[in-house]
Protein chains: 2
Amino acid sequence: MSFENLCDLLKRNNFKLTDQRKSILFTLYENKDSLMSPEDLLVAAKKRCTKLNLSTIYRNIEALLKLDLLYKHIKDNGSTLYKLKLKDSHAHHMICTKCGKTEAVDFCPIEAFKGIIDKKQFQLTEHKLELYGHCKECSDDE
Amino acid sequence: MSFENLCDLLKRNNFKLTDQRKSILFTLYENKDSLMSPEDLLVAAKKRCTKLNLSTIYRNIEALLKLDLLYKHIKDNGSTLYKLKLKDSHAHHMICTKCGKTEAVDFCPIEAFKGIIDKKQFQLTEHKLELYGHCKECSDDE
DNA sequence: TTTTATGCAAAACTTTTGCAAGGCC
DNA sequence: GGCCTTGCAAAAGTTTTGCATAAAA
């Protein structure tokens with residue numbers, strides 16, 4: 001999905017394209033492969049729109065989550081990170097713990113669990129799988 | 001591991017078994033298959049030791065995490081839950097989103113990812129996999 | 001003009017910390 | 001007695017909310 005498509009999608013959902021919102025969207029789009037904290041997003045988006053408040057960031061995050069356009073990731077230390085979810089397909093990710101870059105992995109092993117789960121009479125509704133490590137670039141730096 | 005073994009383990013690590021600590025440990029032990037929030041833990045442990053403060057809960061959680069005796073789970077809404085980790089084997093869990101009960105699953109599919117990951121030159125250090133749904137009891141209630 | 005968004009400040013939560021007092025070993 | 005623990009209160013960090021104002025459509 002292009003940046004323009006993204007804007008259109010928001011318009012169709014009765015979102016007004018304010019400068020603040022555009023700067024937030026554009027910043028997310030620029031960093032669409034990296035996870036960002038609300039604070040990261042504020043700092044980066046301010047480069048495009050100086051008058052921007054943290055509460056606006058949070059309100060926009062909330063809105064994008066409702067539209068299922070954001071992927072929410074909570075780190076082990078509890079801090080919350082986001083990135084755009086541009087295609088709504090189910091995917092798992094490799095997450096670089098050094099630079100925060102993410103990459104989708106085109107494989108899901110959930111079928112292998114089905115037998116085990118059925119035996120326990122557990123009704124599966126969802127699952128989460130994430131791979132952590134160092135991406136090629138960060139490994140090279142070592 | 002029994003509750004007594006657990007106490008011994010702490011003693012060996014120079015932990016003093018105060019009433020507060022014992023009540024926290026016992027409460028965790030009683031609920032060893034369920035995830036609890038710090039607040040849950042406070043309320044439940046107070047039944048055994050009235051004089052108990054939330055900061056003591058947090059300090060003990062911290063200590064147990066360092067000993068790798070606690071499993072930390074962060075929910076999608078950001079709230080943090082804990083349960084005892086009595087065996088240190090790597091395991092994935094089925095988590096009931098209704099009652100919070102958890103059960104370990106004796107299967108890990110990570111090998112299936114190795115080829116894909118190597119191709120991307122990603123250095124895997126860790127992974128997280130969790131299964132969400134309804135346990136047998138909660139399904140029956142529907 | 002109507003509706004949605006925003007900034008600002010304050011509030012609400014959760015978690016951490018400093019310090020003096022208390023309790024275990 | 002010495003060292004670890006605790007309660008209490010205050011601080012710190014993050015996220016949410018109320019309200020008047022501003023901007024988009």
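Residue numbers start from 1 in every chain, and the chains themselves are labelled A, B, ... in the order their sequence lines are given, proteins ahead of strands.
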In a table with atom names and distances, give each donor-acceptor pair under 3.5 Å that connects a side chain of residues 40-47 of chain B to protein atoms at least two apart or in another chain.
| unit_1 | atom_1 | unit_2 | atom_2 | d |
| --- | --- | --- | --- | --- |
| B:Asp40 | OD1 | B:Ser37 | OG | 3.2 |
| B:Asp40 | OD2 | B:Ser37 | N | 2.9 |
| B:Asp40 | OD2 | B:Ser37 | OG | 3.1 |

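Two rings, from B:Tyr71 and B:Tyr82, have their centers 6.0 Å or more apart.
Residue B:Thr80 is classed as a sugar-phosphate contact, given heavy-atom separations below 4.0 Å to backbone atoms only.
Considering only the side chain of A:Tyr58, D:dT15 comes nearest among D:dT15, C:dT6, D:dG7. For A:Arg59, the listed nucleotide lying nearest its side chain is C:dT6; candidates were C:dT6, D:dA25, C:dT17.
By the 6.0 Å contact criterion, CG on B:Asn5 is enclosed, its count of non-hydrogen atoms from other residues, nucleotides or ligands being greater than 12. Counting heavy atoms of neighbouring residues, nucleotides and ligands inside a 6.0 Å radius, atom CG of B:Asp106 does not exceed 12 of them.
For the pair A:Glu39/A:Leu54, a side-chain contact is recorded, criterion being any heavy-atom separation below 4.5 Å from C-beta on. The side-chain heavy atoms of A:Ile116 and A:Phe122, taken from C-beta on, include no pair separated by under 4.5 Å. Between A:Leu28 and A:Phe26, the closest side-chain pair of non-hydrogen atoms is not below 4.5 Å.
Non-hydrogen atoms lying under 4.0 Å from DNA chain D are contributed by B:Lys51, B:Leu52, B:Asn53, all within residues 38-53 of chain B. Applying a 4.0 Å cut-off to non-hydrogen atoms, the residues of residues 14-27 of chain B that approach DNA chain C are B:Lys16, B:Leu17, listed by residue number.
Distance CG (A:Asn13) to C1' (C:dT4): 14 Å, rounded to an integer number of Å. With rounding to whole Å, B:Asn60 atom CG is found 14 Å from C:dC24 atom P. In this structure, the CD atom of B:Glu62 is 10 Å from the C1' atom of C:dT15, given to the nearest Å. Atoms NZ (A:Lys75) and P (D:dT14) sit 11 Å apart, rounded to a whole Å. Atom CD1 in B:Ile61 sits about 16 Å away from atom C1' in D:dT5, given to the nearest Å. Atom-to-atom, CD1 of B:Ile57 to P of D:dC8 comes out at 13 Å; the value is rounded to the nearest Å.
Nearer to the 5' terminus of DNA chain C, by closest-nucleotide assignment, is the contact made by B:Leu54 (compared with the other of B:Lys11 and B:Leu54).
Judged purely by distance below 3.5 Å, without hydrogens or angles, the side chains of B:His127 and B:His92 pair a donor atom with an acceptor atom. No side-chain N or O of A:Lys72 forms a donor-acceptor pair with one of A:Thr80 less than 3.5 Å apart.
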